[in-house]
Amino acid sequence: MVIMYSSPVSLVELQLRSNALAGLTLGQIAAQLQLPVPANLQKDKGWVGQLLEQVLGASAGSKAEPDFPHLGVELKTLPIDRHGKPLESTYVCVAPLTGVAGQQWHESWVCRKLQHVLWVPILAERQIPLAERVVGSAFLWQPNSEQQRALQMDWEELMEKISLGGIADIRGAQGKLLQLRPKAANSKALTNAIGAHGEPIRTLPRGFYLKAGFTASLLQQQFG
DNA sequence: GAGTGATCATTA
DNA sequence: TAATGATCACTC
């Protein structure tokens with residue numbers, strides 16, 4: 001039994017708890033928490049993440065702070081295929097589109113959120129029913145100096161473009177590890193940004209995402 | 001609307 | 001088939 005709802009007190013405890021989940025199916029974990037498993041994720045896209053938050057004792061909610069505030073750790077589920085390859089990019093945080101002049105990398109949400117991440121791989125090929133998907137070996141990650149530099153470069157390029165009114169020209173392909181993509185309820189949800197001529201405009205909210213190739217390299221680094 | 005959790009689904 | 005752009009549900 002791995003029923004533990006309280007918040008982990010230490011990194012070691014968090015590791016122990018997450019290790020105890022390896023090999024369990026999402027259905028088994030949901031049963032422990034007495035939660036129903038949706039038929040699919042079409043209308044419950046955040047369900048897996050929220051399930052893991054609960055079983056690991058992360059502070060729930062929509063607060064703009066780490067999942068484990070006391071430990072400064074962010075929890076991320078990582079959907080992978082049978083070969084251990086990520087199936088999706090990983091959302092990091094929303095991107096500020098105004099008042100961004102003079103922002104420093106080390107003060108940014110991206111940097112802060114990625115300082116310490118608990119990655120929880122999930123075997124999540126679409127053909128596998130949600131309840132039968134298996135949790136893999138979770139691991140704690142902190143960016144090494146090389147990763148840190150590369151992330152900072154991407155971030156600075158993207159933020160410079162935003163601050164200079166180039167938001168409309170930024171596509172998902174820009175950036176090596178980090179990309180900027182829409183992050184909105186729908187195409188009608190708009191927010192303020194800076195236009196090509198410095199004028200205020202309305203545009204789709206954007207979020208920072210880690211490209212799947214980068215999270216693949218993290219898995220490689222961890223598991224060889 | 002902005003933030004949390006992400007995956008969906010069409011396009012290239 | 002991978003990746004980009006679009007979207008879903010929920011809280012505050």
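Quick note on labels: first sequence line is chain A, next is B, and so on, each numbered from 1.
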Centre-to-centre under 6.0 Å for A/Phe139 and A/Phe223, is that the case here? yes

Checking contacts here: which listed nucleotide ([options]) is nearest the side-chain heavy atoms of [X]?
| X | options | result |
| --- | --- | --- |
| A/Lys183 | B/dC8, C/dG5, B/dG5 | B/dG5 |
| A/Thr77 | B/dA6, B/dT7, B/dT4 | B/dA6 |
| A/Pro182 | C/dA6, B/dG5, B/dA9 | C/dA6 |
| A/Lys113 | C/dG5, B/dG5, C/dA9 | B/dG5 |
| A/Ala184 | C/dT7, C/dA6, B/dG5 | C/dT7 |

Indicate whether OP1 or OP2 belonging to [N] is found under 4.0 Å from a side-chain N or O atom of [X].
| X | N | value |
| --- | --- | --- |
| A/Lys188 | C/dT7 | no |
| A/Gln42 | B/dA6 | no |
| A/Ser89 | C/dA3 | no |
| A/Tyr91 | B/dT4 | yes |
| A/Arg181 | C/dT7 | no |
| A/Lys76 | B/dA6 | yes |

Quick check for you: to the nearest 0.5 Å, what is the distance between A/Ser10 atom OG and A/His70 atom NE2? 8.0 Å

CZ (A/Arg82) with more than 12 external heavy atoms under 6.0 Å: no

Give a yes or no on whether the backbone of A/Ile128 and the side-chain of A/Arg133 come within a donor-acceptor separation of less than 3.5 Å. yes

Ignoring hydrogens and geometry beyond distance, is a side-chain donor-acceptor pair present between A/Gln148 and A/Gln115 at under 3.5 Å? yes

Taking atom types as they are modelled, would you say the side chain of A/Glu88 forms a donor-acceptor pair with the base of B/dC8 within the 3.5 Å cutoff? yes

Check: A/Tyr209 side chain, C/dA3 base, donor-acceptor under 3.5 Å: no

I want to confirm an ordering. Mapping A/Lys85 and A/Asn186 to their closest nucleotides on DNA chain C, which one lands closer to the 5' end? A/Lys85

Contacts to DNA chain C from residues 150-179 of chain A, heavy-atom cutoff under 4.0 Å, which residues? A/Arg171, A/Gly172, A/Ala173, A/Gln179

Of A/Cys93 and A/Arg202, the one whose nearest nucleotide on DNA chain B sits closer to the 5' end is A/Arg202

Going by the rule side-chain hydrogen bond (donor to acceptor under 3.5 Å, both in side chains), which residues pair with A/Trp141 if we only count those two or more places apart in sequence or in a different chain? A/Gln147

